Amino acid sequence: MHMTTMVLILAILGLVASAFLVGGVISAAVLGFGIYLFIKDKTIENLRIIAISAAGVILPIIMYLNTYGFHLPYDDGSGRNAYKTILATNYENLGIDLFGKERSKEASMAAESGEADTEYINAKSEIADDAALAETSENVESALARLKNKNEQQGENSEAQENSGSIFESLDSIRKEDKNKGGIVSIAPSDDNMPSYGGLPVGTILIAQYFREDDHNCNPVLVLQNKTGDLVRYECRFIARDKEGEELATSEKTVEVVRDGALFVFEGRFDKRDLGGNIPDSYEFSITKREPYEDDMANLVSVYTATEGSSALLTAENKSDRKVKVDAYVLFFDGTELVDCMWMIPQNTDEVCLDPGSAATIRGDAYYRFDRVETFYTAYEAIGEG
């Protein structure tokens with residue numbers, strides 16, 4: 001076999017192995033030899049060897065930067081070593097789950113920290129079993145209905161907790177006619193045991209709370225309802241804290257205009273690099289309200305959400321004679337677990353708003369499998385836009 005052909009085969013093998021982080025050394029060696037061959041004989045075959053082996057050297061570097069950036073490897077809380085973390089991060093972004101989800105991870109972590117709650121773990125196990133049954137029988141709606149019945153049976157316990165002075169109102173205590181007012185309410189009040197605490201203005205109700213994380217971010221998500229009787233502007237400050245209660249990072253969000261009775265979302269965004277690569281021990285939120293600066297336009301806007309493969313398509317239609325800005329949150333669920341949360345602003349002008357009498361669609365791509373989405377939105381006059 002000709003020397004050039006053998007080196008070309010090695011270059012291809014090195015590139016393939018680099019997709020699993022183990023071909024960088026081979027590619028680097030072939031790259032050096034390819035440069036030597038090219039200096040001796042400047043042919044397209046030798047140039048092809050250089051190009052393929054250079055890609056094999058660069059690919060592991062890109063995969064590392066995509067996982068840790070310009071930082072040394074750190075513990076992301078997944079229990080995986082750096083090698084598996086890099087592979088998992090890059091292939092999960094392509095929709096490939098190399099190592100599978102560890103269903104018992106939450107329970108084992110809670111037991112090690114001494115904070116496990118037996119009833120919570122049993123409930124999560126039942127949810128996982130029902131979800132697996134639903135997937136096998138291709139009947140997710142049936143499984144969700146069973147979970148809803150379980151929550152309704154626990155309604156009396158939830159009311160007792162409220163009467164004891166809790167500032168949190170459970171989902172089961174919300175009247176049926178209010179549950180879908182201004183958005184869709186999830187089945188479970190919370191899908192995680194992340195400790196949280198905070199303050200709410202009078203007349204503002206906490207409907208559901210979630211905590212999601214991936215290899216790069218930690219995101220507490222709150223679903224709330226305005227029952228103040230007024231049009232309100234809300235502001236929220238999230239604080240991530242360590243086990244000593246020390247502040248790690250903050251995240252501030254604003255919802256410009258919320259109608260009375262409407263549901264809305266606050267999402268805190270914490271970069272794990274700001275948290276030392278770890279999940280915070282708890283988070284705190286502080287919510288305040290005031291008069292809005294803009295006019296509410298939600299009654300003159302229609303919002304529709306459809307799913308297409310791994311994406312959500314959100315369409316907003318402005319039926320008014322004024323420019324309108326629509327702020328929407330789309331929550332992606334796999335069963336009762338929140339797997340992604342996207343802030344989406346449909347627009348057809350340069351000022352991220354909708355022209356009078358127009359419509360626009362925006363696409364959001366989820367990195368994780370989901371079986372349903374929930375949409376929450378507010379709409380207000382785009383003052384000063386154009």
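These numbers were taken from a predicted model, which means no experiment stands behind them.
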Discussion item. Would you say Leu248 ends up clustered with Phe270 if hydrophobic residues are merged whenever their side chains have heavy atoms under 4.5 Å apart, either directly or through other cluster members?
Written reply: yes

Practice prompt. Kindly indicate, with the supporting measurements, whether the criterion side-chain contact (heavy atoms from CB on, under 4.5 Å) is fulfilled by Lys319 and Ser302.
Written response: CA-CA 8 Å; Lys319 302 177 182 179; Ser302 295; 2.8 Å; yes

Worksheet entry | Val202 vs Thr228, side-chain contact (heavy atoms from CB on, under 4.5 Å): CA-CA, chis, key distance, verdict | CA-CA 7 Å; Val202 173; Thr228 63; over 6 Å; no

Practice prompt. Drop me the distance from Thr305's OG1 to Ile362's CD1, to the nearest 0.5 angstrom.
Written response: 11.0 Å

Worksheet, complete the sentence: In terms of heavy-atom contacts, Val326 and Ile345 come closest through O-CG2, 3.5 Å

Worksheet, complete the sentence: In short, Leu59 meets Leu15 closest at the heavy-atom pair CD2-O, 4.3 Å

Worksheet item: Has the side chain of Asn219 got a donor or acceptor atom that lies under 3.5 Å from a matching backbone atom of Gly268?
Response: yes

Discussion item. Could you see if Leu313 belongs to whatever hydrophobic cluster contains Val373? Use Ile, Leu, Val, Met, Phe, Trp, Tyr and a side-chain cutoff under 4.5 Å.
Written reply: no

Discussion item. Please find the pair of heavy atoms, one from Arg212 and one from Asp340, that lie closest to each other, and give the distance.
Written reply: NE-CA, 3.5 Å

Practice prompt. Of all the heavy-atom pairs spanning Glu247 and Ile239, show the shortest one and how long it is.
Written response: CG-CG2, 3.5 Å

Worksheet, complete the sentence: Closest non-hydrogen atoms of Val303 and Ala316, given as atom of the first, atom of the second and distance, are CG2-CB, 4.2 Å

Fill in: Heavy-atom side-chain proximity of Val324 to Tyr380 below 4.5 angstrom
no

Discussion item. Quick one, Pro356 and Lys323 - any side-chain contact, counting heavy atoms below 4.5 Å?
Written reply: yes

Item to complete: Carefully, step by step, assess Phe285 and Arg237 under the rule side-chain contact (heavy atoms from CB on, under 4.5 Å).
Response: CA-CA 6 Å; Phe285 58 89; Arg237 185 169 189 261; over 6 Å; no

Practice prompt. Could you point out which residue of Lys325, Arg233, Arg322 forms a salt bridge (charged side-chain N to carboxylate O under 4.0 Å, His left out) with Asp295?
Written response: Arg322

Worksheet entry | Approximate separation, where rounding is to 0.5 Å, of Met297 CE and Leu354 CG | 10.5 Å

Discussion item. With a 4.5 Å cut-off on side-chain heavy atoms, are Glu45 and Leu8 touching?
Written reply: no

Item to complete: Please round to the nearest 0.5 Å and tell me the distance separating atom CG of Asp281 and atom CD of Glu244.
Response: 8.5 Å

Discussion item. Using only atom types and a distance under 3.5 Å, with no angle test, would you say the side chain of Arg269 pairs donor to acceptor with the backbone of Cys218?
Written reply: no

Item to complete: May I ask you to test the Ile207-Ile205 pair for a side-chain heavy-atom distance under 4.5 Å?
Response: yes

Item to complete: Please answer: with hydrophobic residues joined when any side-chain heavy atoms are less than 4.5 Å apart, are Leu31 and Ile58 in the same cluster?
Response: no

Discussion item. So, using salt bridge (charged side-chain N to carboxylate O under 4.0 Å, His left out) as the criterion, who are the partners of Glu291 when residues are at least two apart?
Written reply: none

Item to complete: Verify, without hydrogens or angle tests, whether Asn226 (side chain) and Thr204 (backbone) share a donor-acceptor contact under 3.5 angstrom.
Response: no

Discussion item. Whether Arg363 and Glu308 form a salt bridge (side-chain N of Lys/Arg under 4.0 Å from carboxylate O of Asp/Glu) is what I want to check.
Written reply: yes

Worksheet item: For the side chain of Asn348 and the backbone of Asp355, is there at least one donor-acceptor N/O pair under 3.5 Å apart?
Response: yes

Discussion item. For a side chain to side chain donor-acceptor pair (under 3.5 Å) check, start with the C-alpha distance between Asn318 and Ser358, then their side-chain angles and the critical distance, and finish with the verdict.
Written reply: CA-CA 5 Å; Asn318 177 13; Ser358 69; 5.2 Å; no

Worksheet item: Hey, are the side chains of Leu222 and Val265 touching, using non-hydrogen atoms and a 4.5 Å cut-off?
Response: no

Discussion item. Do Ile287 and Pro201 make a side-chain contact, defined as non-hydrogen atoms from C-beta onward lying under 4.5 Å apart?
Written reply: yes

Discussion item. When you group the ILVMFWY residues by side-chain heavy-atom contacts below 4.5 Å and let the links chain together, are Tyr367 and Met342 in the same group?
Written reply: yes

Response to the item:
What one should report as the nearest heavy-atom pair of Gln225 and Gly261 is NE2-O, 3.0 Å

Worksheet item: Would you call Leu13 and Ile26 a side-chain contact if the rule is heavy atoms closer than 4.5 Å?
Response: no

Worksheet item: Can you check whether Ala249's main-chain N or O pairs, donor with acceptor, with Asp274's side chain at less than 3.5 Å?
Response: no

Discussion item. Leu231 vs Asp260, test: side-chain contact (heavy atoms from CB on, under 4.5 Å). Steps then yes/no.
Written reply: CA-CA 6 Å; Leu231 201 64; Asp260 178 50; over 6 Å; no

Fill in: ILVMFWY network linking Leu87 to Val25, side-chain heavy atoms under 4.5 angstrom
no

Worksheet item: Looking at CD of Glu294 and OG1 of Thr378, how far apart are the two atoms once the value is rounded to the nearest 0.5 Å?
Response: 10.0 Å

Worksheet item: Parallel, tilted or perpendicular for Phe332 and Phe370, by the 30°/60° rule?
Response: perpendicular

Discussion item. Test your reading of the model: is there a side-chain donor-acceptor pair from Asp334 to the backbone of Glu337, 3.5 Å cut-off?
Written reply: no

Worksheet item: CZ of Phe376 to CD of Glu374: how many Å apart, nearest 0.5 Å?
Response: 5.0 Å

Worksheet item: Taking C-beta and beyond as the side chain, do Val223 and Leu331 meet within less than 4.5 Å on heavy atoms?
Response: yes

Item to complete: Please collect all side chain to side chain donor-acceptor pair (under 3.5 Å) contacts where either partner lies in residues 22-40, sequence neighbours excluded, each pair once.
Response: none

Practice prompt. Carefully, step by step, assess Arg241 and Glu284 under the rule salt bridge (charged side-chain N to carboxylate O under 4.0 Å, His left out).
Written response: CA-CA 8 Å; Arg241 298 190 181 277; Glu284 172 188 346; 2.8 Å; yes

Item to complete: Taking the six-membered ring for Trp and the single ring otherwise, decide whether the centroids of Tyr377 and Tyr329 are under 6.0 Å apart.
Response: no

Worksheet item: Should the ring pair Tyr234 and Phe264 be called parallel, tilted or perpendicular, given that the plane angle runs from 0 to 90° and is split at 30 and 60?
Response: parallel

Practice prompt. To the nearest 0.5 Å, tell me how far Leu300 CG sits from Ser320 OG.
Written response: 5.5 Å

